[in-house]
Number of protein chains: 2
Amino acid sequence: MAASTLTEVARLAGVSPATASRVLNGSARTPGKDIAERVRQAAESLGYIPNAQAQGLAKSSSGLIGLIVHDIADPYFAAIARGVQEAAREQRRMVLLATTGGGPAEEKEAVAAFAARRADSIVIAGSRSCRDEDRDGNAELAAELDRYCRNGGRVAVVGHPVVGATAPDGYHVVKVPNQELAARLATELAGGWDGDFVIVGGPEGLLTSDDRVRGFQEGLERAGRRRAEVLRSAFNRSGGYDAGLELAARIKAAQSAEGGAAASKLCIFAVNDVMAIGAAAALRSEGLRIPRDAAIAGFDDIETLRDFRPALSTVRLPLEDIGRLATRATGRHAAGGDSEAAGGAPAGDITGEVTLRRSTEAAA
Amino acid sequence: MAASTLTEVARLAGVSPATASRVLNGSARTPGKDIAERVRQAAESLGYIPNAQAQGLAKSSSGLIGLIVHDIADPYFAAIARGVQEAAREQRRMVLLATTGGGPAEEKEAVAAFAARRADSIVIAGSRSCRDEDRDGNAELAAELDRYCRNGGRVAVVGHPVVGATAPDGYHVVKVPNQELAARLATELAGGWDGDFVIVGGPEGLLTSDDRVRGFQEGLERAGRRRAEVLRSAFNRSGGYDAGLELAARIKAAQSAEGGAAASKLCIFAVNDVMAIGAAAALRSEGLRIPRDAAIAGFDDIETLRDFRPALSTVRLPLEDIGRLATRATGRHAAGGDSEAAGGAPAGDITGEVTLRRSTEAAA
DNA sequence: TGGAAGCGGGAACGCGCTTTCCCAGCTAGC
DNA sequence: GCTAGCTGGGAAAGCGCGTTCCCGCTTCCA
C-alpha cells in the first residue's frame, strides 16, 4: 500500500487535484474557506504526505542541499555539519550527506550524485588538494561543479576554491584566514618561547595545511625568528602520532646530549588539533611531558578536545558558523553581487582567535 | 538551462527515449552494441545526468536512507553516522540527515519529511525517552513510523524500540546491551575498588541512561556492594560538569572531615564518556586529581577521547558497526524472519567490551 | 518457401504533482 | 438590462523517466 496521493485526497474532498494542490501545498491562489477546510480534513483522514519527488519534478527544485565532507566522524567536519544542518533547517531544506575520504574523484562522484538528485545547492567542506596525483581528479571535479552551476545549482566551498574551477554564477567560497591566523599564532607563541619551532604538517599539497604552514613561518619571520622545520605526515591523529614519535626521539637525544633538561625546548605546531593530540600522545608515550619537555599547539579548537590536559593552545575557528554561512551563501536570495549591502550575514567574514593555553606555557 | 534529459540524449542519438533508457539505466533488455554505443556517446557529449527524482517517481523508490540523530556534532552520533554512511555506500544509496535535539516531536517531523522524500528506509539513533512530557510526542512518532512502515518503509532503531510502537513489518531494533555491559563494568570496577560508587546519570526516563544506571546497580549488587547513589543531570558534557562540581564539593568535605586524604575514595560512573569528561573537568577545576582523589569511568569509548589523560575507563561500543548494522537491517533483502539463517550479518548482535584504564586505578 | 518464433526498437501510458489555461457564475457599471 | 470584469474552480499539459505493449524484421525449422 503506497502512501495516499493528492488525487485521492481530492476525490475524497470532492474537488479537483488542482484545487487540492492549491490548498495543501501553498499556492498564489487560495481556494474558498469551506473548500479548503474540506480538503484539509480529507488529507488529515487519509494521512496524506505530499510526494516531495513529484513536487520536485514539477517545480524542478528539490529542497535538498548536499554536504560533502571527508569523514563525518571527524569532529572538525561534524562541527561544520552541525552548522550546515542548522542553516538548512532555517531554509526548510534537508541535507544530503556524502563522505569522500578526501579524494577529488570521490568528491566528483558525490557532486554527480547530488546533481542527479537535483540538490538545490552543494556545500563542500574539507581541504582542497593540489597534489600531482589529484590533478585529474581536480579537473574532473571542477568540470562537474561547473556543469552543476550552469544548470542552476549553487555551490559553496569552505576554504579554497576547487582547484581549476572557473567561477561561474552561484559558486561561492567561504574564506578561512588560515594563513593569517597561523601567523598570529606564531608571533604570539614566539613572544613567550625561546626555543625552536617545528611544524607538523599534513601532506604537501593539502591547501589548508599548506596555508597554515606558510602562515606560521611568516609569523615566525615577523617575530624575528628563524623558519621552522616542517615534518609531513597524514592529516589526522595517527599522522600526528607518527610525527610525535619522531620528535620525541630527537628531544630525548638532545636532552641526553646536553646533559640535563636545560636544553632549549621545542615548540611543536601541528596544523590541526587532532594531529596535535596525536603528537602529544606520542610524546607522552615516550615518557616526555608537556609543556615541560616540549610545547605544543594545534589549530581549530575542536570542542571535544577542550578538556584535554594540558589544555591545548590553538586557534579557535567558528566551525559551526562556517557551515552555517556556507549554507546561507547558497540560499535562494543570495544572488551574489552586493552581498554586503544586502544586509544579510556578510558571508566570508570568518575570523578566528588565537587561544593560548597551558600546553605552550614556558614555565613548566 | 536545466540539465539535459533522457529525451534529448535519445534525440541526439537518433533513437527513442525507451531505447536510451534501456542502455543508460540498466534494464533487463539490452539494445544492440552499436546503438548502445551511440546512445552512450550522446549522453557523454551532453553531460547527461539521470534525474533521480523522475526515476524515483517512475520506480517508486528513491535510493535514499534517512538518518535521525540528536546532534551530528556529538561524537557518539558522528561515529554511528559514519557507519551508516558506509553501509549506505555499499547499497549505493544516499543518506539524508536530520538532527532533532532529542525531542520526539522533532523526530516525528523528521520521519514525516523522510516519508515525503520517499526514503526507502530510516535509521533512528539516539536514546528513546519515556518521560511524561514526551508521552504525546512518542505517540505521534510511533504513529508516524507506523504509517511509514505500512507504506512499505523500513526502519531501524538503535537501542530501544520507539515507545508505544507496535512492531509492523520492516521495523527493526538494533539492541545494545547497555544494561549488561554496565553491570560487567560495575563488577570489574568493584573488584579493584574499596570505596563507594556514585552514578552520574542523564535525566530519568532517558532509556539508554536508565539502562546503564540499572545495569551498574545490578553489577554492584552481584559483587556484594551496596547500591550507588544516582545524580541526575543533562546527558552531555555540561551535565557531567555540573554533577562533577557537586561531587567535588562532597569529596573535599569528606577529605577535610576525615583529616587526611586517607578517606575512602569515590568511584564515579558517568553514563557516557562525554559526561565523564565533563565530570573530570569539574573535579580538576576544583583542584582534585584523578584517580588520586576519585576514580571515574564512562561509557561508549569515544574515539576522540581516547587520548584523554588520565585514560578513561569505559565500555567500548562498536558505534560504527552499530550504524552499519542498523542500515543493513533496512536493506532490501533483509526481509525479516530468518535473519540468522540468511547468512548475512546477524543483526542485533552488538557487543561491547569493558575497558579499564588509568582513571580507575586504585593506586594513585 | 512458408510460417512461427525471437529479437530489437518505438509509441504510449503512468508515476504524483504544479501550473497554465479556460470556463461558469457572479458582481458591478453604464 | 446588458455586458465588462472578476473570481473560484476544473481540465489538461507537462516535469523526466520506467515500462508495458506492440510492431517490423530476422532467423530457424519444417
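Naming: A, B, ... by sequence-line order, numbering from 1 per chain. As the structure is a computational prediction, the values presented were derived from the model and not from experiment.
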Quick check: does any side chain N or O of A:S4 sit under 3.5 Å from a backbone N or O of A:L46, one acting as donor and the other as acceptor?
yes
So what does A:T5 touch, heavy atoms closer than 4.0 Å: a base, only the sugar-phosphate, or nothing?
sugar-phosphate
CG of A:L6 versus C1' of C:dT18: gap in Å, rounded?
10 Å
Using only atom types and a distance under 3.5 Å, with no angle test, would you say the side chain of A:R154 pairs donor to acceptor with the backbone of A:G152?
no
Please tell me which of the listed nucleotides, D:dC17, C:dC15, C:dG10, lies nearest to the side chain of B:R22?
C:dG10
How close or far is atom C1' of D:dG8 from atom CZ of A:R38, stated in whole angstroms?
13 Å
Is there a donor-acceptor pair under 3.5 Å between the side chain of B:N151 and the backbone N or O of B:G153?
no
N/O (side chain, A:S21) to phosphate O (OP1/OP2, C:dT18) under 4.0 Å
yes
d(CG, A:D34; P, D:dG8) in whole Å
11 Å
Among the nucleotides D:dA11, D:dG14, D:dC17, which one has an atom lying closest to any side-chain atom of B:Y48?
D:dC17
Short side-chain N/O contact from A:N51 to OP1 or OP2 of C:dC15, under 4.0 Å:
no
5'-most contact on DNA chain C: B:A20 or B:R118, nearest heavy atom basis?
B:A20
Closest of C:dC17, C:dG10, C:dG9 to the A:A58 side chain is C:dC17
Touch check for B:P17, heavy atoms < 4.0 angstrom, all strands: base, sugar-phosphate only, or nothing?
nothing
To the nearest angstrom, how far is B:Q53 atom CD from D:dC17 atom P?
11 Å
Backbone of A:A3 reached by a side-chain donor or acceptor of A:Y48 within 3.5 Å
no
With respect to the phosphate group of D:dG18, does any side-chain polar atom (N or O) of B:Q55 fall under 4.0 Å of OP1 or OP2?
yes
The side chain of B:K59 lies closest to which of these nucleotides: C:dG10, C:dG16, D:dT19?
D:dT19
Can you check whether B:T19 has a side-chain N or O nearer than 4.0 Å to OP1 or OP2 of C:dG10?
yes
Here the gap from A:E144 atom CD to A:I122 atom CD1, rounded to the nearest 0.5 Å, amounts to 8.5 Å
Using whole Å, what does the distance between atom C1' of nucleotide C:dC17 and atom CZ of A:R11 come to?
15 Å
Taken to the nearest whole Å, CG/B:L57 to P/C:dC17 is 9 Å
Please report the distance, rounded to the nearest Å, between CD in A:E37 and P in D:dG9.
14 Å
In whole Å, I'd like the distance from the CZ atom of B:R117 to the P atom of C:dG16.
17 Å
